Amino acid sequence: ADVEGQAAFDRIIEQDSRIEPRDWMPEKYRKSLTRQISQHAHSEIIGMQPEGNWITRAPSLKRKAILMAKVQDEAGHGLYLYSAAETLGTTRDEMMQQLIDGKARYSSIFNYPARSWADMGAIGWLVDGAAICNQVPLCRASYGPYGRAMVRICKEESFHQRQGFEILLELSQGTPAQKQMAQDAVNRFYAPALMMFGPPDGDSPNSVQSMQWNIKRFSNDELRQRFVDMIVPQAEVLGLTLPDPDLVWNEERGHYDFGELDWDEFKEVLAGRGPCNTQRLERRRAAHEDGAWVREAARAYAARTAGRQST
Ligand code: FAQ
């Protein structure tokens, strides 16, 4: 092992300072970060699908423009994250290939269908809300390129969350059928959104090491609790209920208690057997194949310009 490199690395972590791409780092740190950042990038890219599904059916021109911009933001987030991961030595092509081959993970949440317009509200409010809770602490992640990418991503996610909340508020204050549609969307997305934070701490093999390396700052359960505490008062403003009979304020803890999640369902989704896993990957593969001509053209152009420069 590189003794000097390790000592310098340990010092940087100890000082809660930043590791940059050219610094020496333990192989396990490089590998675990590549894992987390690439999964995160894939989530953004696959996460475009449930919402992309509603762009053509948005209820007004304004809603359509807003949704289109949001989905484009997600593409942008995927690109910053692939770039951050590339600084650790894995190329974007390799990461994309792993995704297409079904060998890479992406967030469980994007394997659930978006059935109604209200789902655009529930995704913005709950899914982007969970993403913010999880990602704001990642702005302080010890790896520089990741932390810096997170800053801009979190700003955009905050806007996305407001956008979702506003869709639900309008539906909730609309006709009884619209309110019911909003409630139904919240009913379906609540538990899957809570699962975005990952398995309970006792079943989270990566957490301890990631926290020692200052990648994660809080455990999965801590962040899940923070999220529940955040959304309960927001649900009240919306006039909607959260589908959990065990959800109750615990005066002693100063937090809301909530019911156990269905971790068997979570495992099924991670194993590739969620409601939309197959469809999401097929769509991603098809998009990749449809884009082959763009990559070919870019390569041909690069080769031609390189040739011109050398003459
Ligand atoms: N889904 O040991 P841990 C968004 C895996 S937000 C799938 O606890 P860790 C915005 C985990 O990878 C969503 N897999 O793992 C948006 C590990 O497997 P591995 C993306 C999950 O890393 C909104 C195993 O289980 N955000 O995209 C999940 O310490 C709307 C054991 O777990 C991020 O990725 C899950 N929910 O903690 C876009 C944030 N949970 O890798 C479009 C960055 C766990 O050993 C529309 N990531 N697993 O094979 C993180 O903060 C962490 O990686 C966690 C997991 C918290 C997700």
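Counting starts at 1 for both ligands and their atoms, in listed order. This is a predicted model, so every value here is computed, not measured.
- Ring to ring, His40 and Tyr106 are not that close: their centroids are 6.0 angstrom or more apart.
- Under the 4.0 angstrom criterion, atom 54 (C) of ligand 1 counts as lacking any protein heavy-atom contact.
- Scanning the protein heavy atoms around atom 28 (C) of ligand 1, the nearest turns out to be Phe266 CZ, 3.6 Å.
- Using a 30° and 60° split on the angle between ring planes, Tyr143 and Tyr29 fall in the perpendicular class, above 60°.
- Residue Arg35 touches ligand 1 through its side chain alone, judged by heavy-atom distances below 4.0 Å.
- In this structure, CD1 on Ile37 lies 15.5 Å from OH on Tyr80, to the nearest 0.5 angstrom.
- Of all protein heavy atoms, the one closest to atom 44 (C) of ligand 1 is Pro199 CD, 3.6 Å.
- Contact annotation for Tyr146 and ligand 1: only side-chain heavy atoms (C-beta onward) come within less than 4.0 Å of the ligand.
- Checked for salt-bridge contact, Glu166 and Arg63 meet the test: a charged N lies under 4.0 Å from a carboxylate O.
- Given atom 50 (C) of ligand 1, the protein heavy atom at minimum distance is Gln36 NE2, 3.5 Å.
- In the candidate list Asp203, Val71, Asn134, Asn111, Asn134 is nearest to atom 51 (O) of ligand 1, counting heavy atoms.
- Aromatic rings from Phe189 and Tyr112 are positioned such that their centres are separated by 6.0 Å or more.
- A salt bridge links Glu20 with Arg148: the distance from a Lys NZ or Arg NE/NH1/NH2 to an Asp or Glu carboxylate oxygen falls below 4.0 Å.
- Taking the charged nitrogens against the carboxylate oxygens, Asp184 and Arg115 have no contact shorter than 4.0 Å, which rules out a salt bridge.
- Under 4.0 Å from ligand 1, not a single heavy atom of Met48 appears.
- Contacts between Leu270 and ligand 1 below 4.0 angstrom, taking non-hydrogen atoms only, involve the side chain exclusively.
- For atom 17 (C) of ligand 1, the nearest protein heavy atom (residue, atom name, distance) is Asn206 ND2, 3.7 Å.
- By heavy-atom distance, the residue among Ser108, Pro200, Ser204 lying nearest atom 1 (N) of ligand 1 is Ser108.
- Only the side chain of Arg105 comes within 4.0 Å of ligand 1, judged by heavy-atom distances.
- In this structure, Glu156 pairs ionically with Arg152, as a charged nitrogen and a carboxylate oxygen lie closer than 4.0 Å.
- Ion pairing of Arg92 with Glu86 is absent here, as no side-chain N (NZ or NE/NH1/NH2) approaches a carboxylate O to less than 4.0 Å.
- For Glu157, the closest heavy-atom approach to ligand 1 falls below 4.0 Å.
- For atom 38 (C) of ligand 1, the nearest non-hydrogen atom of the protein is Glu44 OE1, 3.3 Å.
- Polar contact check, Phe197 against ligand 1: no nitrogen or oxygen pair lies under 3.5 Å apart.
- No side-chain N or O of Asp221 forms a donor-acceptor pair with one of Gln225 less than 3.5 Å apart.
- Trp263 and Phe266 have perpendicular rings, their planes meeting at more than 60° on a 0 to 90° scale where under 30° would count as parallel.
- Between Gln39 and ligand 1, a contact under 3.5 Å exists for at least one N or O pair.
- No hydrogens or angles considered: nothing links the side chains of Trp24 and Gln6 as a donor-acceptor pair under 3.5 Å.
- Heavy atoms of His160 found under 4.0 angstrom from ligand 1: none, in either backbone or side chain.
- At a heavy-atom distance under 4.0 Å, only side-chain atoms of Phe110, from C-beta outward, approach ligand 1.
- In Val269, neither the side chain nor the backbone holds a heavy atom less than 4.0 Å from any atom of ligand 1.
- The ligand atoms of ligand 1 that sit less than 4.0 angstrom from a heavy atom of Tyr106 are 1 (N), 7 (C).
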